[in-house]
Each structure stands twice: as C-alpha cells, then as structure tokens.
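Contents: one structure, followed by commentary.
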Amino acid sequence: MTAYPRQDGRALPDWSSLALEDRQHLAEQVPHRLQRLMYETNAVDVPADAFAAHAAAADLRLQELLREDPNALAYFNGWTFAAVADTTDPVRAAEAEYHLCDALIEYAPGAPVLDTFLYGLYEAERPA
C-alpha cells in the first residue's frame, strides 16, 4: 500500500494484490508508461541507451529531491528510474514502473525530477 495521500483519496493497490493477468499486461508495456511521463508523448522508437541515460539523470534529480524534501520519500520510497530502465526481468521492471509512475503523478504537478527538455523529444506514435 502507498503511504502517501493520493489525489483521489484511494490507496494504490499493492502490486501483489493485482491479478496475474494485470501484472503480465503491465509487464508487456514496460517501459512505455514511464516513457509517456518522461517525454510527455506516446513516444516510439526511444533508443534504449538514450532512455537509460535519461533515467540515470532523472535518478540524480530524484536523489537531490529526496535530500531537499523529506516528504518526497513517502512517495518514491526507494523506487528508481533505473529499476525500470535497467531491469532485465519484465515483471520486476513493471512493478517498479507501477510504483514510480504513480509517485510521479501523485507527488506534485510538474514532476520535479523530470527534465522538461525531454518533453516531445521523441515523435509520438501515429494512429494506424
């Protein structure tokens, strides 16, 4: 369960309480959900090395935020961008993405750990 106040007042369901099919579906989407937040677009063709570099830079900003704002710890609670970008197990990456994306959305508008330089960096997916 999340230890922070979510905007809708409901706690984020525990990862283990999600149906297996839901966890597998989320694993199939990694890292797309995080990339949508990072690039503010339904980005396609994000090179893995660029995403890893952007995730590492975001983790540095996250560490700085955690030092400056103790309240942020309740939201991010050890979840990192690298846990999504560098994890080879898609289910573990999906769990990290599940928590990290929720924390990014719920912590504060403008997600201070995301670099606005990234917004729109990659072309959006075109409808078929």
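Heads up: numbering here begins at 1 and tracks the sequence. Predicted, not measured: the structure shown is a model, and the values here were computed from it.
Taking CG of Leu73 as the start and CG of Leu65 as the end, the distance is 10.0 Å to the nearest 0.5 Å. Taking NE2 of His99 as the reference point, atom OG1 of Thr80 lies at 12.5 Å (rounded to 0.5 Å).
Residue pairs meeting the side-chain hydrogen bond (donor to acceptor under 3.5 Å, both in side chains) criterion with at least one partner in residues 49-77, sequence neighbours excluded, are Tyr39-His54, Asp69-Tyr107.
What you find for Gly120 and Thr41 is that their closest heavy atoms are CA-CG2, 4.5 Å. Of all non-hydrogen atoms in Tyr122 and Ala50, the two that sit nearest each other are OH-CB, 3.3 Å. Taking both residues in full, the closest heavy atoms of Leu118 and Met38 are given as CB-O, 3.5 Å, listed atom of the first, atom of the second, then distance.
With contacts defined as side-chain heavy-atom distances shorter than 4.5 Å, the pair Leu114/Tyr119 qualifies.
The backbone N or O of Val84 lies less than 3.5 Å from no partner atom in the side chain of Glu97, so there is not a single donor-acceptor pair. When atom types are taken as modelled, the side chain of Gln35 and the backbone of Phe51 share no donor-acceptor pair closer than 3.5 angstrom.
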Exercise. Do Tyr98 and Leu12 pass the side-chain contact (heavy atoms from CB on, under 4.5 Å) test, and can you show the C-alpha distance, the side-chain angles, and the key distance before you say yes or no?
Worked result: CA-CA 9 Å; Tyr98 174 76; Leu12 180 69; 3.4 Å; yes
Exercise. How far apart are the C-alpha atoms of Phe81 and Leu104, what are their side-chain angles, what is the distance that settles it, and do they pass the side-chain contact (heavy atoms from CB on, under 4.5 Å) test?
Worked result: CA-CA 11 Å; Phe81 290 84; Leu104 287 168; 4.0 Å; yes
Problem set entry | Audit row: Phe76, Leu100, side-chain contact (heavy atoms from CB on, under 4.5 Å) steps and yes/no | CA-CA 7 Å; Phe76 294 97; Leu100 182 59; 3.9 Å; yes
For this session: Applying side-chain contact (heavy atoms from CB on, under 4.5 Å), run through His32 and Asn42 and close with a yes or a no.
Result: CA-CA 8 Å; His32 190 67; Asn42 203 14; 2.4 Å; yes
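A salt bridge (charged side-chain N to carboxylate O under 4.0 Å, His left out) with Asp102 holds for exactly one of Arg33, Arg10, Arg6; it is Arg6.
In terms of the side-chain contact (heavy atoms from CB on, under 4.5 Å) criterion, Asp45 has no residue partners (sequence neighbours excluded).
In terms of hydrophobic clustering, with Ile, Leu, Val, Met, Phe, Trp and Tyr side chains grouped at heavy-atom distances under 4.5 Å, Phe117 and Leu60 are assigned to different clusters. Residues Trp15 and Leu20 fall into different hydrophobic clusters, defined by Ile, Leu, Val, Met, Phe, Trp and Tyr side chains chained together at heavy-atom separations under 4.5 Å.
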Using distance only, find each side-chain donor-acceptor pair of residues 21-30 under 3.5 Å and give its atom names and separation, not counting sequence neighbours.
| residue | atom | partner | partner atom | Å |
| --- | --- | --- | --- | --- |
| Arg23 | NH1 | Ser16 | O | 3.2 |
| Arg23 | NH1 | Leu18 | O | 3.3 |
| His25 | NE2 | Gln29 | NE2 | 2.6 |

